[in-house]
Amino acid sequence: MKIPFVDLKSQYNSIKKEIDSAIQSVIERTAFIKGEEIEQFEKAYAEKYGVKNCIAVANGTDAIYIALKMLGIKEGDEVITVANSWISTAETISQTGATPVFIDIDKYSTIDISKIEEKITKNTKAIIPVHIYGQSADIKAIKKISDKHNLFLIEDCAQSHFAEFEGQRVGTFGDLATFSFYPGKNLGAYGDAGAIVTNNDELANKMRMYANHGALKKHQHKIVGINSRMDTLQAAILKVKLPHIDSWNAKRAGNAEYYDKILANIGDIIVPPKRENAKHVYHVYSIRTKFRDELMNYLENNNIGVAIHYPVALPLMEAYSHLNYKNSDIPIASEYQDQILSLPMYPELTKEMMDYVAETIKQFFNTK
Ligand SMILES: *Cc1c(COP(=O)(O)O)cnc(C)c1O
């Protein structure tokens, strides 16, 4: 059996007719930029997410950058974020000229709330927690801290579309939230795409303007902006896919539950811990083992796709060597980066496939 790490093809096949006609329609109208699907998707996403504004942008990285810029983050500022994330979360802070301040992770691989306040200085302007792997950070506690210190709160929801914390959607706690629709994300386009959501109308307008060359109306450039529009083909595709997201997320959660059961008590495997009061949407199913590299090889040799999210914590990346972080500054993230292993996780995964993954892992530990 061959089990890819992600399988975008079988999802496409399940909605092929609708997708093909949505794409065809954009091409027939040559509505490549600013076609009506953009606004339709923005409205649909905002409505389904339960927020007032959604701004479609070119990708999830730009979404964070645009947010930081329009919140006024600039050189000399500090922005607190988490040690374990995709590079976008940190690089966008750097792009504004500000300095990322990295906090270690808790056992859920999200920002450790007990270590945030000691890093707040007079230069700190914002906090960007990441709801990593599809699971909420301890967002209410983070919100308390950001309120107390008068900091902006930006939720990086690139991996957590429609996840919840105590019955409330992630991304609705802070000033705004950013999403990625990178093809492999829980809601994925067929290329790059992203969005920002916020209940703050004034901020929404500014961000919309900035992402569109600083103009809301043609040739009326009120600020110096950038070009970060979502293209119409992506909006058309996302519009078709959006109504399926709840069912896809539910399938992911069901698969995770099954993995939890069949992986329990194999070798030293630790299945991903789940917050009691949160709804996890399992963008990634990340186990831990002390034999990570060997197991990774073994699974790959048995045609099982695996990945690591992420092999090097952000502050330990070469790009951030100038900030001089040491492993001991982020002990948990340093420990986890050598132990985590992401198994195949998508709605279309079958029990048979997961059984094969578990059997292969069992075989690996039998050889030890
Ligand atoms: C995917 C991702 C992003 C960036 O999204 P792109 O659309 O690839 O630019 C940002 N943050 C996190 C946590 C991500 O996983």
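Just follow the structure's listing: the first ligand is 1, and inside any ligand the first atom is 1.
- Both the backbone and the side chain of T61 come within contact range of ligand 1, each with a heavy atom under 4.0 Å.
- Looking at I132 against ligand 1, nothing comes within 4.0 Å, counting heavy atoms.
- Of the candidates H283, K185, Q159, H309, the one placing a heavy atom closest to atom 1 (C) of ligand 1 is K185.
- For the pair I308 and R292, the minimum side-chain heavy-atom distance is below 4.5 Å.
- For S180, a nitrogen or oxygen atom sits less than 3.5 Å from a nitrogen or oxygen atom of ligand 1, counting backbone and side chain alike.
- Inclusion of D156 in the set of residues having an N or O under 3.5 Å from an N or O of ligand 1 is warranted.
- Using a 3.5 Å distance cut-off with no hydrogens or angles, the side chains of D260 and Y285 do pair a donor with an acceptor.
- The T89 neighbourhood of ligand 1 comprises atoms 11 (N), with distances under 4.0 Å to a heavy atom of that residue.
- Looking only at distances, no side-chain donor or acceptor of N302 sits under 3.5 Å from a matching main-chain atom of I304.
- Residue-ligand proximity: S85 is placed with a non-hydrogen atom under 4.0 Å from ligand 1.
- From the protein, the heavy atom lying nearest to atom 10 (C) of ligand 1 is S88 CB, 3.5 Å.
- H161 and F179 have tilted rings, their planes meeting at an angle from 30° to 60° on a 0 to 90° scale.
- Geometrically, ligand 1 and V130 share no nitrogen or oxygen pair separated by less than 3.5 Å.
- Counted by atom type alone, Y282 and N186 present zero donor-acceptor pairs between their side chains at under 3.5 Å.
- For the pair I142 and P129, the tightest heavy-atom approach, listed with the atom from each and the gap, is CD1-CB, 3.7 Å.
- Between Y320 and F102, the ring center distance clears the sub-6.0 Å criterion.
- Here the heavy atom of the protein found nearest to atom 12 (C) of ligand 1 is A158 CB, 3.4 Å.
- Short contacts between ligand 1 and G60, defined as distances under 4.0 Å to a heavy atom of the residue, involve ligand atoms 4 (C), 5 (O), 6 (P), 7 (O), 9 (O).
- The aromatic rings of H221 and H213 sit perpendicular to each other, their planes meeting at more than 60°, with 30° as the lower class boundary.
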